[in-house]
Amino acid sequence: MRARLALPVALVAAISVTATACQSSSGDGAGSGSKSTSSAASGAADYNPKAYDKLKDGGTYTTAGTFDEQGNPFHVNGTLTASRVWAWYNANAITFSPTGEVQYNPDYFSDVKVSVEGGDQKVVLTINKKAVFNDGTPIDWTAIKATWKANNGSDKAYAAGTTEGYDQITDVARGKDDKQAVITFKGVFPSWPSLFTTFLHPKAAKADNFDKAYVKKARPEWGTGPYTVGKWDTHSGNITFVRNAKWWGRKGKLDKRVYVNLESTAAVNAFKNGQLDYVSAVDAESLKQVKGLKGTEIRSGGSPFQYSLYFNTKSSVLGDKAVRKAIQESVDRSQIAKIQFQGLDYEEPLPGSALLYSFQKGYEDNVSAVLKYGPDRAKKELDAAGWKPGSDGIREKGGKELEVGYTLMGDDPLGKATAGALAAMLKQSGIRLTIEKADQADFSSILSERKFDLFLSGNRSMDPFGARYLCESYCSDRESNLTGAGSPELDKEIRATSDIADPDKQAAAANKVERKALQEYARLPLYSGPSTYSVKKGLANVGATIFHNPLPETVGWEK
């Protein structure tokens with residue numbers, strides 16, 4: 001899944017992806033107001049990896065964090081926050097190495113077999129005989145079936161985050177016994193592991209529960225794993241996870257895993273006072289404050305985040321593609337990146353795709369193939385579209401000024417600086433940008449109800465299969481396509497890429513179609529960024545992990 005970020009951009013600006021040391025496109029590339037830059041590091045991991053037996057039993061791990069309104073990560077309003085909290089008291093059945101290799105967790109799947117018969121893929125999951133949900137319900141083939149049914153798009157009562165891949169499954173059947181699930185696909189779906197990294201309790205997969213049961217609530221009885229909920233405080237937003245007495249696998253090394261609900265500035269201060277064990281260095285100021293603290297170390301590397309400027313094509317002013325294109329041509333992406341990375345001693349090539357990262361095989365710079373930074377060209381196109389400069393320089397058409405809203409979440413300095421820079425860039429082309437402040441609590445409704453003209457938000461890839469998310473990002477009939485752009489004809493081309501069995505060929509086809517989708521001028525990838533943390537020394541399996549999510553039982557303190 002791709003989790004949308006539930007934080008103001010600045011709070012997560014530095015927990016982003018590190019790009020490779022390759023060069024970006026030439027100087028006329030989209031938004032390159034200066035010569036192309038290279039990254040300071042490749043997609044490197046930095047998280048103090050340590051084997052389970054090298055960790056001591058006991059201890060507490062405390063960070064800033066809280067639950068999000070929608071705690072079901074499969075839901076369309078599920079966010080990165082929801083996914084992270086979910087992983088501490090639910091199944092982590094399939095994970096990935098930092099660079100994206102698939103890893104099966106034997107505590108859930110004791111055997112996995114994949115075959116292709118008559119052009120159709122079959123996956124046989126043999127489930128650990130000991131595996132049970134916390135309420136005593138066996139984890140068996142019915143959990144896999146229920147997860148498929150909730151996410152395959154056939155029942156409109158479910159607001160699933162993505163149906164991609166689930167909609168290619170024709171059947172989930174009982175195998176040799178209840179502990180075996182036989183999954184049959186129509187055609188081949190090479191990134192199938194991304195569908196069952198975790199799964200739902202059959203009760204949680206009922207339509208009403210899928211939507212509402214996890215809203216500001218934990219459901220530990222439907223969970224499983226080495227930890228369960230100790231305290232879930234809806235008043236303070238704090239969460240404590242404790243060891244799960246019903247767990248059959250390796251026990252968690254920690255006594256407690258604690259989230260304390262703190263804003264970023266307060267989190268940095270709490271870390272400096274020794275109250276937190278780990279904190280994100282989200283900007284130059286926070287990095288300066290946490291660098292060199294006694295008993296701590298900086299861990300910096302990759303993590304697959306990508307931030308884009310989204311255009312609401314259903315809004316009155318942005319329904320005109322010529323206006324959208326002119327805005328994109330007016331945005332100097334390299335300047336936006338400079339604002340984000342100021343003081344972090346970091347550079348990266350400008351992102352060329354919303355699907356793959358520049359350190360991944362198959363990546364292509366699709367943005368530069370369809371868009372060139374050029375305010376002068378933008379002015380000519382607005383002239384041609386009938387938008388003429390008024391006395392104050394702002395363009396007019398039919399007695400209406402060319403005014404576009406920009407929704408700004410929170411009041412952090414980085415977010416304000418970015419909004420101010422965008423306003424200045426657009427003003428040069430005769431477009432007035434009106435900055436509309438919004439409360440963080442309204443994040444989900446702003447997106448789901450499209451209450452914005454322009455909106456800057458990020459995605460974090462929870463798996464390495466970028467081509468799988470082509471439809472989620474660009475299909476016109478998907479709720480997850482925040483822009484509403486696209487057409488049935490393009491949707492057909494997008495969906496055709498999912499039938500390509502070879503991952504390399506699929507990536508090549510997805511790049512080709514993404515270039516067409518980007519010509520709707522409704523989404524502009526802006527930056528990724530470094531992933532930088534300050535961590536107490538001795539804390540293992542925590543930091544910049546890229547695609548890797550260390551299993552909860554392996555997080556802890558070195559002996």
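Source: prediction; values computed, not measured.
Salt-bridge annotation for Glu558 and Lys253: absent, with no side-chain N of the basic residue lying under 4.0 Å from a carboxylate O of the acidic one. Under the 4.0 Å criterion applied to side-chain N and carboxylate O atoms, Asp120 and Lys186 are not assigned as salt-bridge partners.
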Would you tabulate the side-chain donor-acceptor contacts of residues 106-118 under 3.5 Å, counting partners in other chains and residues two or more places apart, or write 'none'?
residue: Ser110; atom: OG; partner: Thr126; partner atom: O; Å: 3.3
residue: Asp111; atom: OD2; partner: Lys113; partner atom: NZ; Å: 2.9

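Contact check for Val258 versus Lys231: no side-chain heavy atoms found under the 4.5 Å cut-off.
Side-chain atoms of Asp135 and His201 form a donor-acceptor pair, as typed in the model, at a separation below 3.5 Å. For the residue pair Arg468 and Thr162, no side-chain donor N or O sits within less than 3.5 Å of a side-chain acceptor on the partner. A donor-acceptor contact closer than 3.5 angstrom is absent between the side chains of Asn541 and Asn48. Side chain to side chain, Ser308 and Gln306 meet the donor-acceptor criterion of an N or O pair below 3.5 Å.
In this structure, CG in Asp167 is found 7.0 Å from OG in Ser498, a value given to the nearest 0.5 Å. One finds the CZ atom of Phe67 at 6.0 Å from the CD1 atom of Ile239 (value rounded to the nearest 0.5 Å). In this structure, Thr532 OG1 and Arg299 CZ are separated by 13.0 Å, a value rounded to the nearest 0.5 Å. Distance CG/Leu262 to CG/Leu276: 6.0 Å, rounded to 0.5 Å. In this structure, Lys536 NZ and Leu293 CG are separated by 11.0 Å, a value rounded to the nearest 0.5 Å. In this structure, NZ in Lys203 is found 14.5 Å from CG in Asp208, a value given to the nearest 0.5 Å.
For the pair Ile298 and Asp46, the tightest heavy-atom approach, listed with the atom from each and the gap, is O-OD2, 4.1 Å.
Ring geometry, Phe199 versus Phe133: the interplanar angle exceeds 60°, so the pair is classed perpendicular (tilted spans 30 to 60°). Using cut-offs of 30° and 60° on the angle between ring planes, the pair Trp88 and Phe241 is parallel. By the 30° and 60° cut-offs, the orientation of the rings of Tyr307 relative to Tyr527 is parallel.
Two rings, from Tyr89 and Tyr227, have their centers 6.0 Å or more apart. Ring centers of Phe185 and Trp192: at least 6.0 Å apart, outside the cut-off. The aromatic ring centres of His548 and Tyr47 sit less than 6.0 Å apart.
Screening Gln506, Gln168, Gln121 for a side-chain contact (heavy atoms from CB on, under 4.5 Å) involving Val188 leaves a single residue, Gln121. Residue Ile183 forms a side-chain contact (heavy atoms from CB on, under 4.5 Å) with just one option from Thr170, Ile169, Asp171, and that option is Ile169.
Note that Arg250 lies in the cation-pi zone of Tyr52, set by a 6.0 Å cut-off to the ring centre and a 45° limit from the axis.
The main-chain N or O of Val132 is found under 3.5 Å from a side-chain atom of Thr224 such that the two form a donor-acceptor pair. With hydrogens and angles ignored, the 3.5 Å screen pairs a side-chain donor or acceptor of Asp155 with a backbone N or O of Ala157.
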- Query: Given the rule in the ring-ring contact (aromatic ring centres under 6.0 Å, His included) test, do Tyr214 and Trp86 qualify, once you have shown the distances and angles that lead to the verdict?
  - Reply: CA-CA 10 Å; Tyr214 291 94; Trp86 175 275; 5.3 Å; yes
